[in-house]
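What you see below is based on every heavy atom in this structure, not just the backbone, and it leaves out hydrogens, waters and symmetry mates. We count ligands from 1, going down the list as the structure has it; atoms in each ligand are counted the same way.
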Amino acid sequence: MEEIYKTLPQHTYSWLQGRVTLYKYEGSWNAQNFPKKSILAQSYEAQPGDILLCSCPKTGTTWLKALSFAILTRQKFDHASSSPLLTTFPHDCVRFLENLHLPKIKENPSDLPLLGTHLPYSSLPKSIIASNCKIVYIYRNIKDVIVSYYHFFRQIVNLSEENAPFEEAFDDFCRGISIFGPYWDHILEYWKASQERPDRFLFLKYEDLKNDALSNVKRLAEFIRCPFSVEEEKAGVLENIIKMCSFDSLSNLELNKSGMYQADEAFVLERRLFFRKAKDGDWENYFTDAMNEKIDKLIDEKMSGTGLLLK
Ligand code: PAP
């Protein structure tokens with residue numbers, strides 16, 4: 001690994017007072033330990049029924065994990081009283097593929113064939129690419145992702161907004177220098193793969209999930225081979241899942257307000273950092289007109305013709 005690091009392009013975030021350095025490996029930026037995690041993940045042997053929840057950070061990963069977990073376990077647990085989501089952090093209910101080499105922090109409560117990953121499509125284990133496993137990809141308006149990303153990392157290194165200039169964070173993100181970024185490349189790799197095998201992919205947009213949870217959660221359940229029956233719909237099972245996995249419910253659980261999440265060998269994070277505001281359009285409180293124009297232009301260039309809307 002030492003030899004690999006020496007050859008990688010590096011970038012130190014000055015907006016985080018130099019406390020975080022990213023390395024570019026296989027076309028995407030990440031923390032120093034990432035190449036090792038990516039290499040270890042390659043040994044994963046895909047199982048026929050695997051479902052992979054894929055995303056760039058800060059685009060709705062925690063929410064998608066909670067929803068998918070609740071959908072698949074709804075026969076087994078009562079959502080109001082016994083769901084593991086009431087006692088276990090969503091990222092411990094559904095583990096990250098790139099962390100499977102770590103000892104289990106908490107037993108996956110039902111050993112579901114469900115995994116999350118932030119890995120770019122081109123870095124997925126070859127066995128997954130070659131398999132028929134289902135891939136759900138969540139993405140979000142880039143402007144809100146930038147703001148969410150900024151606060152997450154600023155808080156991880158304990159900096160106030162005054163000491164972490166947002167403009168610099170914005171510029172780095174627009175240069176593509178973000179964890180698992182460039183953000184648009186992450187999306188486009190999955191998108192291109194989905195054009196070749198549409199049956200394997202479901203693309204969900206964070207904002208659509210918020211604006212029309214009912215039909216999007218139904219789509220998700222159908223895609224992951226666990227559709228709601230007419231009886232379940234009549235009995236309000238769908239609504240109950242949406243409510244239990246909502247930002248208000250999850251962020252108010254004591255377990256998510258306090259306590260720590262072991263993100264990897266070296267990195268322990270406060271769980272509360274995964275639940276900030278969950279507000280669409282928070283970017284308006286941070287962007288200048290010039291920033292807004294710059295990002296609109298960038299996204300027009302990167303995404304034109306794809307049919308995906310990142311603004
Ligand atoms: P991760 O990739 O580090 O796990 P991720 O869950 O993708 O992060 O994104 C966190 C964002 O989702 C936060 O957005 P914000 O900074 O704009 O507030 C977080 O608040 C939001 N979020 C977390 N849980 C939910 C939920 N249940 N419903 C909607 N949004 C949520």
Query raised in the report: With a distance cut-off below 6.0 Å to the six-membered ring centre and an angular limit of 45° from the axis, does Lys192 pair with Tyr121 as a cation-pi contact?
Result: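 Lys192 over Tyr121 ring: no.
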Requested in this report: Return the minimal non-hydrogen interatomic distance between Asn33 and Asp264, and the atom names on each side.
Outcome: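 Closest approach of Asn33 to Asp264, heavy atoms only: ND2-OD2, 2.6 Å.
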Query raised in the report: Taking NZ, NE, NH1 and NH2 as the nitrogens, is one of them in Glu3 or Lys6 under 4.0 Å from a carboxylate oxygen of the other?
Result: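 So Glu3 pairs with Lys6 through a salt bridge.
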Requested in this report: Tell me whether Leu52 is reachable from Leu40 by hopping between hydrophobic residues (I, L, V, M, F, W, Y) whose side-chain heavy atoms are closer than 4.5 Å.
Outcome: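 As far as the 4.5 Å side-chain criterion goes, Leu52 and Leu40 are not connected within one cluster.
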Query raised in the report: Is Leu214 linked to Leu64 within one hydrophobic cluster, defined over Ile, Leu, Val, Met, Phe, Trp and Tyr using a side-chain heavy-atom separation of less than 4.5 Å?
Result: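 Same cluster.
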Query raised in the report: Can you pull the residues with any heavy atom under 4.0 Å from ligand 1?
Result: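 For ligand 1, the residues that come within the 4.0 Å heavy-atom cutoff are Pro57, Lys58, Thr59, Gly60, Thr61, Thr62, Trp63, His91, His118, Arg140, Ser148, Tyr206, Cys245, Ser246, Phe247, Leu250, Phe274, Phe275, Arg276, Lys277, Ala278.
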Distance-only criterion, 3.5 Å: show the donor-acceptor pairs between side-chain atoms of residues 178-185 and protein atoms not counting sequence neighbours.
from   : atom 1 : to     : atom 2 : distance (Å)
Tyr183 : OH     : Arg140 : N      : 2.9
Tyr183 : OH     : Arg140 : O      : 2.6

